[in-house]
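Working notes, structure below.
Each residue takes its place number in the sequence, starting with 1.
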Amino acid sequence: MTSEPATAEKPPLSDSLFHVWRCLISLIMADGLYHQAERKFLDSAIRALEQAYVVTMDHRITFADDLREPQSIHDLLPKVTEPLHRVILPYFCEYISLLDGSQGQAEKDFVKQMREHLDTPDLKPQQVEFQKALAAKKAESRYFYPVDYLLQRLGIGRLE
């Protein structure tokens with residue numbers, strides 16, 4: 001009798017990480033345009049997210065709904081509760097806002113509001129630690145791609 005090898009069970013997508021992705025979708029849609037580069041990134045990122053975590057049909061439906069009608073950052077940010085997510089999110093949004101080649105005013109405002117909301121004294125130690133780790137990674141290689149590092153810190157890894 002043969003049996004299939006057991007596969008490691010994927011962890012569920014946490015509510016906090018789910019809302020990180022909702023924030024990213026809101027940022028991508030902040031200028032009212034869904035550029036090809038943004039679409040390519042988001043498609044790859046969601047596929048990678050689904051490989052790393054259990055993403056439910058409800059998650060997928062919400063992501064699709066958010067692409068049609070982006071949610072307010074003020075409604076989403078309080079739902080990003082894990083300290084690591086709160087530290088990484090502004091960096092992630094900064095990089096993502098440049099995917100289409102420029103950062104428009106709506107995207108600048110979005111990132112600014114996010115930084116202001118997430119810049120809390122309780123996160124300072126984690127922010128300093130993350131900035132040092134990011135700087136060290138940048139110094140390791142001139143081919144360093146910050147989004148890959150951010151994805152890796154979120155448990156996802158490099159995109160294809």
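Results of the side chain to side chain contact (heavy atoms under 4.5 Å, CB included) test with Leu13 over Val20, Thr56, Val54, Leu49 single out Leu49 as the only residue that passes.
Membership of the apolar cluster around Ile61 extends to Met57, as traced through chained side-chain contacts below 4.5 Å between ILVMFWY residues.
Taking 4.5 Å as the limit, every side-chain heavy atom of Leu84 sits out of range of all side-chain heavy atoms of Gln126. Within the 4.5 Å cutoff, no side-chain heavy atoms of Val80 are placed close to those of Leu118. In this structure, Pro90 and Val111 have side chains that are not in contact, with every pair of non-hydrogen atoms separated by 4.5 Å or more.
For Ser14, the side-chain contact (heavy atoms from CB on, under 4.5 Å) partners two or more places apart in sequence, or in a different chain, are Ser16, Leu17, Glu82, His85. Evaluation of the side-chain contact (heavy atoms from CB on, under 4.5 Å) rule for Lys112 yields Glu116 as partners, not counting sequence neighbours. In this structure, the side-chain contact (heavy atoms from CB on, under 4.5 Å) partners of Asp15, at least two apart in sequence or on a different chain, are Phe18, His19. With sequence neighbours excluded, the residues satisfying side-chain contact (heavy atoms from CB on, under 4.5 Å) with Ser26 are Pro70, Gln71, Leu76, Phe110.
No more than 12 heavy atoms of other residues, nucleotides or ligands lie within 6.0 Å of CD in Glu129, so this atom counts as exposed by the packing criterion.
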Checking side-chain contact (heavy atoms from CB on, under 4.5 Å) for the pair Tyr34/Leu42: CA distance, chi angles, key distance, verdict? CA-CA 10 Å; Tyr34 192 24; Leu42 194 57; 3.5 Å; yes
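Annotation: the span from Ile156 atom CD1 to Tyr53 atom OH amounts to 6.0 Å, rounded to 0.5 Å.
Under the 3.5 Å distance criterion, the side-chain polar atoms of Lys10 are matched with a main-chain donor or acceptor of Glu50.
Shortest non-hydrogen contact noted between Ala37 and Leu99 is CB-O, 3.3 Å. Closest heavy-atom contact between Ala52 and Gly155: CB-O, 3.4 Å.
Counting only residues at least two apart or in different chains, salt bridge (charged side-chain N to carboxylate O under 4.0 Å, His left out) contacts with residues 24-39 are absent.
Between Asp109 and Gln105, the side chains place a donor N or O and an acceptor N or O closer than 3.5 Å (distance only, hydrogens not considered).
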